[in-house]
Every structure is written in structure tokens, then in C-alpha cells.
Participant: 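Quick one: the structure is below, questions incoming.
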Amino acid sequence: MDKRWWKEAVVYQIYPRSFMDSNGDGIGDLKGITSRLDYLKYLGIDVIWLSPVYQSPNDDNGYDISDYQAIMDEFGSMEDFDEMLSEAHKRGIRIVMDLVVNHTSDEHKWFVESRKSKENPYRDYYIWREGKESGKAPNNWGACFGGSAWEYDKETEMYYLHMFSKKQPDLNWDNPKVRQEVFDMMTWWCEKGIDGFRMDVISMISKTKEMPDGEVHDFYGDANPYCVNGPNVHAYLQEMNEKVLSKYDIMTVGETPGVTTELAKQYAGENGHELNMVFQFEHVESDGKYGKWTDEKVSLIRLKKTMSRWQTELYGKAWNSLFWDNHDQPRAVSRFGDDRPGYREVSAKMLATCLHMMQGTPYIYQGEELGMTNYPFQNMEEFRDIESINAYNEWCGSGLLSHQIFWPCLAGKSRDNARTPVQWDDSENAGFSTGTPWIAVNPNYKEINAKAETADTGSVFHYYKKLIALRKQNPVIVYGKYELLLEDSEELFVYTRALDEKKLLVVCSFSDEEEKFTIPDEFIGASCIISNRDNVYGSGRIALQPYEAFVLMKE
Ligand code: TEU
Ligand code: CA
């Protein structure tokens, strides 16, 4: 297995709107990020993945871009960006940009032109179709944020495709001019000195030529078989690699909903010519009741099966990315751990152990290193996310589900859980802003905040810091071979990692009760390199406290 810097790195995701506000307008910004680089350096991360900072009307918080080569007004200026990049580089931190090129904003100049007339030179930059008959969309596909995936445009009396909101028209990647525009724009950023790209829904850029109705699930037809992992996606990524990526020492991670382990070997193969790694979603998507919405916890057996399959099948063939949460997911500790007082810290540390000891590049989502929790939503007015608001209107507005049934599903899984401001200290607005934050601060900021945790060596923060340091010191954590033990245990996630004569035993209890565990003979006398409890891991049968986690290393 080739050694690469991005395999040994730990990435920290910043969602700029909610990270740090420098000027009191209630919105996080680039100067805010620059002011917190020392904090990230202290934590020990190597790379920042910056969610979109480009010019945008913010229908989807920057994932709807109207100018790829300008900074969003609320976030600052290009000078602020350059300063942030150079200050990061001074501290040895790299910056990976979010590349959102499956779609643009409808306010992007390409689309403004495209919709003007059928003859416009930009017409073919997007995906236009005639309606079926008067008043009917070209097919029954639904968009990811609810409603039809087609929007009628009266100017030319045709429909355009949007897999997300109607303000996010899909680009037509079959048009070579579109590809060249995207490659030129990427080159421009690379020349500026950025360190890589996280590629938004990159598995969706190629659509089938034929666009038949999809199988109807809840409301609309399923577009995925025609839009995800489409016919030319690998050809387009190889072209991107050849024309841009291969010319720079950068890292790339594709966000690839619908990816399987087989496909991951193509997208991110060791000797491939596409991407370095992909985000797969099987472990965070396996639990939906109504579409993605649910109030049920995923079973540990299922979680272990999924994660272990990715560990095993990609070994030596492709590279994994490791994550529990991001800006689209609920908070990890609330979802997979236990955010009740007395359990929050220990279960947050347990989850961190479980993930950071696996093979792949770990991603920490802002606030995860503090054990930040879901927000206690009480009413619809508290939501900001277009997906949550549309979903409520679609499921409850249609009368299909009652408020009572749907509410816990929405509140527990809304993307806004991850988007409340980072809790810096116990002052007003958690130190995030001197103004009114664009989205409410979690009321638990007085107990959970960076100031308190950096001062307390027993905190979740210091535990993450230690895990990151361990990865740097022990190649077995990066490159070792994975093996799952006790696959039928409903309470314990146990695995080993092996590289040359070094071997790790990772034991994580997902239970809120005491559990028994027998130390395998080969680990008797091994040293404990990290643990979230005060326990001695000598030999024989031991009792694990709720959410206990530890790692033994045999030399
Ligand atoms: O998300 C794409 C994606 O896979 C979504 O369907 C995701 O699963 C959904 O947000 C969760 O319900 C990316 C971005 O990460 C997301 O923030 C954007 O809204 C979306 O693309 C459109 O750009
Ligand atoms: Ca601001």
C-alpha cells in the first residue's frame, strides 16, 4: 500500500456560517476562521475541509453557487480568503475547498443566460426538456429537497432538471464546454495554492440519456437509477484528473451517495486515476423510516457489518474516509452515542475511539471534538434548513403523517442539528457572535464549550487531541489490516489492526450498562494506549462500564 500524506492526515470540517463570527452580524466568516486557527493547530488536525465560501444567494447555505471565483459577501473578501490560506499554511494546515459542480445557483450567469432562449450559447449548459403534455413535467422524478425534480420555465416553455432545490439547476456534464469551464475554475483555485477538493455529489454528474419515470416511493419517482453513478461519471473524473488533479499535490474526496464498495474501487482505486477517496453513506443511511426520517437508533450489529465491510473490501485496493457526522447529519453523540448527562462525554470519546482507530482518513465535524449535541427543537420556526422545512410541509402538509409522528423523526435527523454555532465559551451566544446568530445556539453551551474543554485535560477535546497524536506516532493505526471480532455482539464493537509485528485491540462498548469482556490471550501484557475510563486491562474477564472504550497495543 503506497504511503501518502492524505492517508496519514486528520481532516476537520468547517461549516463557515456556524464556525466563528468576527463582525457581529450573526454569521460566521473567514476572518472568524483565521482567528481560530491556533485552536485547530492545538487540536492537531492537518487539513481543513471548508464547506462552500463562494458567492451564493444561500438557498442551500452556499451549496447554490452564483460565482465560483468570488467570496460570499457575508463571509468576507478574496483578501480575507488569501489571508486565511496563508495563515493556515504557516501553521502547517492545508485547506480543501468544497467543489459544488453537479449544479449551480439559478443566479449563476450561465443559468441566467441559459434560460433566456433556446438559441442562447449557454442553453446546453443545463438539462432542458419539453413537458410531457401541457402542465406535466417530463417525468415523475422527485428532487432531494422535495417536490418534482423539474421546474417549468415560462420564458422558453420548457423544464429544467434540479436534483436539489429549484434554485440549484443541474449542469449538463455531457457538454464539453461545461467540463472545460469547471476544469479551468479548478485550475484557478489550485494555482492560488489550495490543497484539494471535496466534491459535492460527484457521483451524480452523469445522467442517462433516456429519462424514464422512476419507481414511485413516497411521493415521486426515484431518479437515482438514472442520475447516480451514471454512464459517464468515471470518464469525466478521469478527464478531470488528467487535466487538473494530476498536476498538483492535492487531496480529493468525492461525496458519492449511492456508492458501493465495488464502485469505490473505481472512484478511489489505489492505482486509479480519479479520486483519492470517497464518502460513502451506508453506515449513516441505513436507518430511515419515512425516506431519511426516523426516530429509531441503528442496530449495532448492522453498523458493524457495514463499517467492517468497507474496512475489509477496500483494504489495499482503495482508501476509506471515516466519519460519524457532517453538516448534513445529526450530531454523532446524540445519534450513535448517548447525550444524557453522565453519558455524553464518555460515549463521545467511545465513538471517537471506534472511528479513529480504523483504516482511512478521519474527518472531524466542527464541534464533534467538544461532544456537541443535537439541538432541542420545539417548533418549526427554529429550523433554517430548506430540506427540513420542505420535508415537514411534504409529509405533514400532505396529511400523510401527523405532526406527532413526524416531529421526533425530523427533530432528531434535521441537518440543522449540526449547524448550530460552535460553542466557544460560556459567554453570550457561546462566544460565537456579539450579534444575533442566524440560527439559535444550543442552550447547553454553558457546560459544553471549547474554553472549558481546552482547560480540562479529561475533556472530550483532549481525548480527540490524543487520538490524533496517536495516529501520527503509530503507522499501524493508518496502515494496519482490520479484523472484526465478536461480530454477533449487540453491545460491543471490537476489532484488531495489524501491521508487521504490531497489533492493536480496539474495544468499544455501545451499551449504557455494564458489559463483560474477555481480554484475548495474545493481548495479555499489552500496553493500553488510550482509554475513556479508569480501568486496568490485565487479563481474563473484565467488567466494562457504560460506553467504555480502550485500545491495547502489542509490540
Ligand atoms: O449533499 C448531498 C447529499 O447526498 C444529500 O442528499 C444529503 O444526503 C442530504 O443533505 C441529507 O439529507 C450535498 C451537500 O453536502 C449538502 O449540504 C447539499 O445540500 C447538497 O449536496 C446539494 O448541494
Ligand atoms: Ca460575520
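Heads up: numbering here begins at 1 and tracks the sequence. All values below were derived from every heavy atom in this structure, side-chain atoms included, with hydrogens, water molecules and symmetry-related copies excluded. Each ligand, and each atom within it, is numbered from 1 in the order the structure gives.
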Participant: For atom 6 (O) of ligand 1, grab the closest protein heavy atom and report residue, atom and distance to one decimal in Å.
Facilitator: F164 CE2, 3.9 Å

Participant: In Å and rounded to the nearest 0.5 Å, what is the CD1 to CE distance from I93 to M84?
Facilitator: 11.0 Å

Participant: Salt bridge check: are R198 and D200 linked by an N-O gap of less than 4.0 Å?
Facilitator: yes

Participant: Do Y63 and F164 have ring centroids that are under 6.0 Å from one another?
Facilitator: no

Participant: At under 4.0 Å between heavy atoms, which part of F145 makes contact with ligand 1: side chain, backbone, both or neither?
Facilitator: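 The part of F145 near ligand 1 is the side chain, not the backbone.
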
Participant: Should you measure from each heavy atom of K292, which atoms of ligand 1 turn up under 4.0 Å away?
Facilitator: 11 (C), 12 (O)

Participant: Looking at the Ca ion (ligand 2), which N/O/S atom of D25 is the nearest one?
Facilitator: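 Distance check against the Ca ion (ligand 2) picks out OD1 in D25.
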
Participant: Hey, is E285 close enough to K292 for a salt bridge, meaning N to O under 4.0 Å?
Facilitator: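 No, no charged N to carboxylate O under 4.0 Å.
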
Participant: Quick test: of every protein heavy atom, which one is nearest to atom 7 (C) of ligand 1, and how far off is it to 0.1 Å?
Facilitator: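 Here the closest protein heavy atom is D328 OD2, 4.0 Å.
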
Participant: At the Ca ion (ligand 2), what is the angle formed between atom O of I27 and atom OD1 of D21, rounded to the nearest 10°?
Facilitator: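 So the angle at the metal works out to 80°.
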
Participant: Measure the spacing between CZ of F145 and NE2 of H162 and express it to the nearest 0.5 Å.
Facilitator: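 F145 CZ to H162 NE2: 11.5 Å, rounded to 0.5 Å.
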
Participant: If I consider every N, O or S atom in D29, which one ends up closest to the Ca ion (ligand 2)? I only need its name.
Facilitator: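 Answer by atom name: OD2.
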
Participant: Among protein heavy atoms, which sits nearest to atom 8 (O) of ligand 1, and what does the distance come to when rounded to 0.1 Å?
Facilitator: E285 OE2, 4.3 Å

Participant: If hydrogens are left out, which of D64, T256, V201 has an atom nearest to atom 2 (C) of ligand 1, that is, the closest non-hydrogen atom?
Facilitator: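 Checking each option, the heavy atom nearest atom 2 (C) of ligand 1 is found in V201.
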
Participant: Checking contacts here: is it the side chain or the backbone of H103 that comes within 4.0 Å of ligand 1, counting heavy atoms only? Could be both or neither.
Facilitator: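 Only the side chain of H103 comes within reach of ligand 1.
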
Participant: W128 ring centre to R123 NZ or CZ under 6.0 Å, with the angle to the axis within 45°?
Facilitator: yes

Participant: For atom 4 (O) of ligand 1, what's the nearest protein heavy atom and its distance?
Facilitator: P257 CG, 3.2 Å

Participant: Of the choices R415, H327, E255, which has the non-hydrogen atom that lies closest to atom 10 (O) of ligand 1?
Facilitator: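 Nearest option to atom 10 (O) of ligand 1, by heavy atoms: R415.
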
Participant: Can an N, O or S atom be found in N23 less than 3.0 Å away from the Ca ion (ligand 2)?
Facilitator: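 A backbone or side-chain N, O or S atom of N23 is under 3.0 Å from the Ca ion (ligand 2).
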
Participant: Can you confirm if the aromatic rings of F383 and W407 lie within a centre distance of less than 6.0 Å?
Facilitator: yes

Participant: Is it true that K109 and E113 make a salt bridge, defined as a side-chain N closer than 4.0 Å to a carboxylate O?
Facilitator: no

Participant: For the pair K446 and D426, find out whether any cationic side-chain nitrogen is under 4.0 Å from an anionic carboxylate oxygen.
Facilitator: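 No, no charged N to carboxylate O under 4.0 Å.
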
Participant: Have a look at ligand 1 and work out which part of M199, if any, has a heavy atom under 4.0 Å from it: side chain, backbone, both or neither.
Facilitator: neither

Participant: Show the atoms of ligand 1 that are less than 4.0 angstrom away from any heavy atom in E387.
Facilitator: 9 (C), 11 (C), 12 (O)

Participant: Carefully, step by step, assess K209 and D174 under the rule salt bridge (Lys or Arg N to Asp or Glu O under 4.0 Å).
Facilitator: CA-CA 10 Å; K209 279 259 165 330; D174 293 332; 3.3 Å; yes

Participant: Can you tell me the protein heavy atom closest to atom 18 (C) of ligand 1 and the distance?
Facilitator: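 Looking at atom 18 (C) of ligand 1, the protein heavy atom closest to it is D60 OD2, 3.3 Å.
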
Participant: Is the cationic atom of K451 (NZ for Lys, CZ for Arg) positioned less than 6.0 Å from the six-membered ring centroid of W424 and within 45 degrees of its normal?
Facilitator: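 Checked: cation-pi criterion not met.
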
Participant: Considering heavy atoms of the protein only, find what lies nearest to atom 14 (C) of ligand 1 and give residue, atom and distance to 0.1 Å.
Facilitator: D200 OD1, 3.0 Å

